[in-house]
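Read the structure below first, then the notes.
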Number of protein chains: 2
Amino acid sequence: MDDDQRIEADPHERCRALGAILDRIGDKWTVMAVGALSEGPMRFNALQRLIGAVSHRMLTLTLRGLERDGLVTRTIYPTIPPKVEYALTNLGQRLIPPLKTLSDWAVENQAELEMAQRAYDASAARSAPAS
Amino acid sequence: MDDDQRIEADPHERCRALGAILDRIGDKWTVMAVGALSEGPMRFNALQRLIGAVSHRMLTLTLRGLERDGLVTRTIYPTIPPKVEYALTNLGQRLIPPLKTLSDWAVENQAELEMAQRAYDASAARSAPAS
DNA sequence: CTGGATCCCCACTGATACTG
DNA sequence: CAGTATCAGTGGGGATCCAG
């Protein structure tokens, strides 16, 4: 690691930043949680119902991660029974537009993507027909 | 029932599309590969050197996935030794701007993110002081 | 130089049960 | 209702070797 040359405009810088953020939000449940919370603050169970297939544990861990990243706040109302409300922070809300940009791409291009996949699988089937 | 402003009927629709695309590009190496290839066509070894920490196997799998999704083309020059060049397809190039939007967010907010993490870890340390 | 196959480890995930 | 802890299963990912 004796890099004497510092490359400021290194494209890797950008890639690493992108990789870092994808490491955090790239999992299956984080984006779902953010998407659900983008509609407004929500309680734990409401979140779980809205997302659907997420397990109790995974939602807890996901929300913990989001809270740690400062994207979500957890507000505890010390009532009986306990009531905990999750909400996007300012930082979390700023994440929505970039996410929407990406989802726009996904919606617009998913047909082409699936078509490419079918074509690839079809030609791959020639090499591995036995199954 | 006639929503003029309705772009997407179901918010889940968008989340699912986003989740699907993140399942494909959300891993650690895919974005790095796309980023590297955004600078131009490249051979396997050049790609591996540029990305750095990626293992032989993972780069192969990553590129296979990208090729299957129609984001990358693989051109084989039947020379000795073999030479294989990877390049972004049109579809792959269209993915760059949304990715850049996200990386812009990452670059602009990563300081705030890390700060939130430190704050969280610091308060969490109260419960788990052992180290 | 590039691609594939095999082995192996461990981190992530889910189910369950218990506490507040 | 919300959160934590424990246990066990699965599969992702690295290292290595072999083939074209």
Side-chain angles (χ1 to χ4, degrees), chain A residues 19 22-33 36-37 41-69 72-87 120-121 123-131, chain B residues 19 22-33 36-37 41-68 72-87 120-121 123-130:
Chain A
L22 281 178
D23 264 359
R24 304 209 164 275
I25 69 163
D27 65 285
K28 199 161 29 183
W29 304 120
T30 297
V31 285
M32 303 286 268
L37 287 174
M42 209 169 296
R43 299 182 57 177
F44 186 90
N45 270 356
L47 221 35
Q48 187 169 21
R49 271 194 306 274
L50 190 55
I51 294 178
V54 65
S55 69
H56 185 169
R57 173 189 163 88
M58 278 297 100
L59 184 54
T60 300
L61 290 180
T62 298
L63 290 169
R64 277 257 181 271
L66 285 170
E67 187 192 359
R68 177 172 185 266
D69 292 340
V72 158
T73 56
R74 183 170 61 140
T75 309
I76 306 177
Y77 299 94
T79 58
I80 304 288
K83 173 181 171 181
V84 181
E85 203 167 63
Y86 292 89
Y120 181 91
D121 292 344
S123 55
R126 285 180 291 147
S127 308
S131 2
Chain B
L22 281 178
D23 264 359
R24 304 208 163 273
I25 69 163
D27 65 284
K28 197 160 31 183
W29 305 120
T30 296
V31 286
M32 303 287 267
L37 288 174
M42 211 169 294
R43 299 182 56 177
F44 186 91
N45 268 359
L47 223 34
Q48 187 169 22
R49 270 194 307 274
L50 190 54
I51 295 177
V54 66
S55 70
H56 183 167
R57 171 191 161 88
M58 284 323 294
L59 184 54
T60 301
L61 291 179
T62 298
L63 290 170
R64 278 263 179 272
L66 285 170
E67 189 192 358
R68 177 171 185 267
V72 158
T73 58
R74 183 170 60 140
T75 309
I76 306 177
Y77 298 94
T79 59
I80 305 287
K83 172 182 171 181
V84 181
E85 202 167 64
Y86 293 88
Y120 182 91
D121 292 345
S123 53
R126 286 178 292 153
S127 307

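Order of the sequence lines sets the chain letters (A, B, ...), proteins ahead of strands, with each chain counted from 1.
- Distance, B:Lys28 NZ to C:dC12 P: 10 Å, rounded to whole Å.
- Note that the CG atom of A:Leu66 and the CZ atom of A:Arg24 stand 10.0 Å from one another [nearest 0.5 Å].
- Of all the residues in residues 73-85 of chain A, A:Arg74, A:Pro81, A:Pro82, A:Val84 reach under 4.0 Å from DNA chain D with at least one non-hydrogen atom.
- Between the CD1 atom of A:Ile25 and the OG1 atom of A:Thr62 there is a distance of 12.5 Å, given to the nearest 0.5 Å.
- Here C:dC1 presents its C1' atom at 9 Å from CZ of B:Phe44, a figure rounded to the nearest Å.
- Take the nearest nucleotide of DNA chain C for A:Ser55 and for B:His56: the residue whose nucleotide is more 5' is B:His56.
- When DNA chain D is scanned 5' to 3' for any atom under 4.0 Å from a heavy atom of chain A, the first and last hits are D:dC1 to D:dT6.
- Whole-Å rounding puts the B:Met58 CE to C:dT6 C1' distance at 16 Å.
- Taking the side chain as every heavy atom from C-beta outward, A:Arg64 and B:Tyr120 approach each other to under 4.5 Å.
- Using a 4.0 Å cut-off between charged side-chain N and carboxylate O, B:Arg68 and A:Asp121 make a salt bridge.
- Remark: P of C:dT13 and CD1 of A:Ile51 are 14 Å apart, rounded to the nearest angstrom.
- Applying the 4.0 Å criterion to OP1 and OP2 of C:dG3, one finds that B:Tyr86 has a side-chain N or O inside that range.
- Atom CZ in B:Arg68 sits roughly 18 Å away from atom C1' in C:dG3 (whole-Å rounding).
- One distance of note links NZ of B:Lys83 with CG of B:Asn45; it measures 12.5 Å at 0.5 Å rounding.
- A 4.5 Å side-chain heavy-atom check between B:His56 and B:Phe44 finds at least one atom pair inside the cut-off.
- Atom-to-atom distance recorded for A:Leu47:CG and A:Met32:CE is 10.5 Å, nearest 0.5 angstrom.
- Within the model, atoms CG of B:Leu37 and CG of B:Leu63 stand 7.0 Å from one another, a figure rounded to the nearest 0.5 Å.
- Remark: B:Asp27 CG to A:Asp27 CG distance equals 13.0 Å, nearest 0.5 Å.
- A close approach under 4.0 Å does not occur between any side-chain nitrogen or oxygen of A:Arg57 and OP1 or OP2 of C:dA15.
- The CG atom of A:Asp27 sits 15 Å away from the C1' atom of C:dG14 (whole-angstrom rounding).
- Position along DNA chain C of the nearest nucleotide to A:Ala53 versus B:Leu63 favours B:Leu63 as the more 5'-ward residue.
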